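Beneath this line is the structure, given in structure tokens, with notes to follow.
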Amino acid sequence: MIDSEDELLISTSNRKRPGRPKNEVWQHFNTIPADSTNGKKDLHSGAACKFCKQKWSRGKTSEMIAHLALQCPKPPPPEVRALYLKILNNGSFDDNDDDNSSKRSKPYKQSKITNHVERLTITDDKQRRCSRVLTKFFVTCGVPLWIVENPFFIDYSKELCPGFQVPKRTILSTTMINVETATVIAEMKKKLSNETNLTLGLDGWTSPAGQSLYIFLIMTSDGKEYIHSLKNFSKNAHTGEFLKNEIIKVIEEVGAEKFCSIVSDHAAKVVLAKNLVSTKYPHIFPIRCIAHHINLLSSDIIKLNWATNIITCCKKIVTLFKQSHAGGAILQQEIVENMIKGGGLNKYVITRWTTAYDCTDSIIRCKNALKQILENESQLLNLEIISILRKQNFFRNVKDLRTILLPIKKAIIKLEHKSTTLADCFINLVIMATAIKELSQTSNQNFSKECQNVFDKRWKEFNFDYYLLAYFLHPKYRDTGLQINAFRIICEKALSIWKLLGGREKSANELIAQISNYSLKSKPYDFEFVTGIHTVKNWWLMCKQQNNHIQKLALLMASIVPSNASCERYFSILGWYMNKRRTSLNCSLLQNMLQMHAYYVSNISNEIKHAYKELSDEGFEDAVTKTTFPCDDEIFDENDDELENNQFENNEGENQISNSQNFDSFFNVTDIELRRVLEIEVTVEIPLSTEYTDSGEQDFNIESIINKSLERRESGINNITE
């Protein structure tokens with residue numbers, strides 16, 4: 001007997017569609033109409049197996065043939081399975097048959113006999129080029145070096161190029177990697193010689209072998225990253241003085257005048273080391289990793305009683321279905337049959353920054369599947385899980401928690417990007433504050449108030465002055481959404497930085513006057529900032545005037561990289577390199593491999609000659625990210641030498657309480673213009689002309705200059721009003 005759903009599928013499959021005929025394999029599948037509800041023009045139909053009823057949102061010839069030949073749980077007739085097993089074995093099918101495309105096939109061209117003659121020898125130049133590409137492959141893909149001697153790999157290489165001499169493992173791990181590392185270091189020094197306003201990233205990690213490894217990462221304002229060194233400090237005491245000396249060695253080797261900031265997490269000894277370096281080099285600012293701060297905010301929210309109870313329930317549900325073979329199989333079946341996008345249930349791991357959202361989102365995603373199991377397969381569940389799933393507001397509460405965790409996850413992901421600026425950070429803080437404020441509209445008023453208290457607490461502990469100034473100097477935002485008293489804080493921070501850069505009284509007065517004119521959008525700061533056309537850099541370069549102090553300050557602030565999340569990514573890559581079968585790799589070899597990986601990925605558009613040429617810039621970047629970093633997105637915080645969730649209360653050397661006022665005292669999150677949050681482009685620093693001569697007292701009075709500026713600004717506003 002055929003049910004109504006099968007009748008719909010059969011009637012749909014009998015309709016004639018334009019284009020070339022479908023592959024014959026479709027006779028064993030019912031056609032599912034293409035989904036047009038998402039607004040996208042998708043002409044690709046889904047498929048449902050006539051034997052086992054398994055469904056695909058898009059039917060692909062290769063997958064359907066493989067299903068009939070190998071995977072169908074309710075086997076088709078033997079002759080059908082044998083036929084498609086033979087087709088699969090011969091590869092005699094076209095993967096594009098399911099496209100219903102009317103594209104003309106390419107005209108047949110008879111091949112030349114020389115195309116079938118393979119050379120058994122190659123030139124020395126080609127051997128060298130192939131060896132370089134092979135080295136890049138092993139290093140960037142994290143492939144164990146012993147694979148090069150595997151007979152299957154040798155056969156694969158010989159099939160591609162019979163004349164290529166596959167190297168021995170010892171040659172690959174020494175000569176070839178050393179030669180390539182030397183090339184990378186030479187190119188790295190050449191590129192850094194033309195850079196200014198560099199940021200030094202610093203972080204520590206305990207390896208699987210128990211080593212205390214520290215990465216010193218050089219970051220440019222245009223998103224390039226270079227590993228300066230990987231150092232083993234296992235035998236050293238990690239004091240602030242020791243770390244300070246190591247940092248100074250790095251920056252002096254590259255050139256202290258090239259750096260503008262050092263970024264790290266909030267570990268006490270690292271904070272002390274940064275401040276000691278800043279004392280010696282006042283123009284190098286100690287910056288705290290903003291993503292780490294937001295992660296602690298996320299952890300605080302999860303620790304609230306209401307959220308803790310929800311997360312605990314979610315974890316219990318996930319654990320049951322992960323550990324129960326029968327339950328996991330039934331859930332997977334429900335996901336496949338209902339074509340639930342996004343996969344199954346996800347774990348929450350306290351040391352992985354975004355998994356709290358992923359866990360709650362997966363519960364909501366699988367809500368209907370879980371309810372089906374509760375109704376039809378309740379014997380697979382224990383009494384505790386049954387009680388949780390039957391709670392009246394369980395799924396509603398999970399959804400509310402997911403709502404607040406979503407902007408936190410987005411903020412962490414955005415702030416870990418290589419092109420992140422200080423202004424980006426401040427914008428994401430505003431987004432989070434807005435989301436927390438809007439929680440008051442949900443049914444749980446107490447949770448809303450607790451979240452606001454958590455945000456205000458972390459806000460007071462965070463030194464935000466650099467970020468506030470960078471936000472103000474972004475021409476898209478200026479003082480949008482800022483409260484009146486924020487302008488004085490901006491001026492004070494600008495002058496304190498100017499003083500550290502060697503500015504004197506005359507230039508300080510000119511800087512404050514320029515800041516005031518910029519705030520009022522007076523000439524030459526009256527250009528509109530057009531997103532997608534302008535960057536912060538080219539907008540400020542349009543603003544030409546003599547003694548352009550504000551331009552120098554703006555480009556400097558936009559050049560600072562406020563996150564050392566890349567250090568965590570490289571620790572993840574080290575985890576690749578140092579798996580159970582390769583823990584014997586020494587620190588020197590690891591440093592070489594890591595330097596090569598960082599350089600290749602940062603300059604991949606120049607390094608890659610053949611792959612992904614058909615993709616757009618955005619598609620190319622996505623493909624690179626997915627294929628050159630570990631696929632499990634693991635962040636090794638659980639092995640961080642000094643990471644503690646309560647480090648705010650115990651650390652010294654950096655402001656514990658940066659301000660005594662709440663976020664609302666500085667920002668108006670209800671500002672209509674502010675709520676149109678946009679992406680911000682990366683900028684680079686342009687040096688100030690050396691022809692200008694500063695004058696006046698070096699130890700100028702900041703308060704006096706600001707008061708004079710505020711008087712001029714008030715006068716300017718009154719003139720505009722009149």
Side-chain angles (χ1 to χ4, degrees), residues 125 128-143 172 176-201 215-230 250 253-255 258-259 263 416-421 535 537 558-561 563-574 576-577 589-630 681-685:
D125 181 63
R128 181 186 61 81
R129 287 188 285 111
C130 290
S131 297
R132 285 198 66 191
V133 172
L134 183 72
T135 307
K136 294 178 183 179
F137 164 72
F138 272 87
V139 170
T140 57
C141 297
V143 178
L172 175 60
M176 293 174 63
I177 286 182
N178 289 340
V179 169
E180 193 62 28
T181 302
T183 302
V184 165
I185 291 175
E187 288 296 317
M188 182 174 67
K189 288 183 177 180
K190 181 179 178 181
K191 292 180 181 295
L192 290 178
S193 65
N194 299 319
E195 293 285 349
T196 56
N197 288 342
L198 299 173
T199 296
L200 178 65
I215 280 181
F216 293 86
L217 177 67
I218 299 174
M219 296 174 281
T220 68
S221 58
D222 59 351
K224 297 290 191 297
E225 297 176 347
Y226 304 101
I227 299 290
H228 177 275
S229 52
L230 175 69
V250 173
E253 181 179 329
V254 178
K258 292 181 175 295
F259 287 91
V263 61
E416 289 180 348
H417 197 272
K418 294 179 181 180
S419 61
T420 298
T421 65
T535 65
K537 171 192 170 181
S559 297
I560 295 175
V561 181
S563 174
N564 69 338
S566 291
C567 292
E568 301 286 357
R569 283 192 285 267
Y570 288 115
F571 287 144
S572 190
I573 293 167
L574 283 177
W576 259 2
Y577 293 157
L589 179 56
L590 288 171
Q591 174 179 292
N592 291 347
M593 296 170 68
L594 210 58
Q595 285 177 326
M596 291 165 59
H597 190 288
Y599 179 82
Y600 292 147
V601 173
S602 288
N603 299 276
I604 196 165
S605 59
N606 297 326
E607 294 293 326
I608 296 296
K609 295 181 173 59
H610 306 288
Y612 302 125
K613 291 300 182 183
E614 72 282 1
L615 297 181
S616 63
D617 291 343
E618 184 177 353
F620 180 77
E621 184 177 349
D622 290 340
V624 168
T625 302
K626 292 177 181 177
T627 56
T628 56
F629 288 102
E681 300 289 340
V682 180
T683 63
V684 295
E685 162 72 355

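Quick caveat, the model's predicted, so the values are computed rather than measured.
- The side-chain heavy atoms of Leu198 and Val254, taken from C-beta on, include a pair separated by under 4.5 Å.
- The shortest heavy-atom contact between Met596 and Val139 is CE-CG2, 3.5 Å.
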Residues Tyr599, Ile185; criterion side chain to side chain contact (heavy atoms under 4.5 Å, CB included); working and verdict: CA-CA 9 Å; Tyr599 179 82; Ile185 291 175; over 6 Å; no
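- The side-chain contact (heavy atoms from CB on, under 4.5 Å) test applied to Asp125 returns Thr123, Arg128, Arg129, not counting sequence neighbours.
- Taking 4.0 Å as the cut-off between side-chain N and carboxylate O, Lys258 and Glu195 do not count as a salt-bridged pair.
- Evaluation of the side-chain contact (heavy atoms from CB on, under 4.5 Å) rule for Gln591 yields Ser229, Leu230, Gln595 as partners, not counting sequence neighbours.
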Chi angles and distances behind the side chain to side chain contact (heavy atoms under 4.5 Å, CB included) call for Leu574, Leu590: CA-CA 8 Å; Leu574 283 177; Leu590 288 171; 4.1 Å; yes
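- Summarising the geometry, atom OG1 belonging to Thr135 is positioned 3.5 Å from atom CE belonging to Met176; distances are rounded to the nearest 0.5 Å.
- The side-chain hydrogen bond (donor to acceptor under 3.5 Å, both in side chains) analysis of residues 182-191, with sequence neighbours excluded, yields no pairs.
- Put simply, SG on Cys567 and CZ on Phe216 are 9.5 Å apart, with the number rounded to the nearest 0.5 Å.
- Remark: Ser566 pairs with Glu225, Arg569 by the side chain to side chain donor-acceptor pair (under 3.5 Å) rule, at least two apart or across chains.
- Taken from CD in Glu180 to CG in Leu134, the straight-line distance is 11.0 Å, to the nearest 0.5 Å.
- Contacts of Ser563 classified as side chain to side chain donor-acceptor pair (under 3.5 Å), with partners at least two apart in sequence or in another chain: none.
- One finds the CD1 atom of Ile215 at 5.0 Å from the CD1 atom of Ile227 (value rounded to the nearest 0.5 Å).
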Candidate pair Ile560 and Asn197, rule side chain to side chain contact (heavy atoms under 4.5 Å, CB included), full reasoning: CA-CA 7 Å; Ile560 295 175; Asn197 288 342; over 6 Å; no
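- Shortest non-hydrogen contact noted between Ala558 and Thr421 is O-CG2, 3.7 Å.
- Annotation for Met219 and Leu200: closest pair CE-C, 4.3 Å, computed over non-hydrogen atoms.
- Between the side chain of Thr199 and the backbone N or O of Val561, at least one donor-acceptor pair lies under 3.5 Å.
- Closest approach of His228 and Ile218 over heavy atoms only: CB-CD1, 3.9 Å.
- In plain terms, the two heavy atoms of Thr181 and Ile177 that are nearest each other are OG1-O, 2.6 Å.
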Test log, rule side chain to side chain contact (heavy atoms under 4.5 Å, CB included), inputs Leu589 and Tyr577: CA-CA 10 Å; Leu589 179 56; Tyr577 293 157; over 6 Å; no
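- Taking both residues in full, the closest heavy atoms of Tyr570 and Ala598 are given as OH-CB, 3.4 Å, listed atom of the first, atom of the second, then distance.
- In this structure Lys224 satisfies the side-chain contact (heavy atoms from CB on, under 4.5 Å) test together with Thr220, Asp222, Tyr226, Ser602, Asn603, sequence neighbours excluded.
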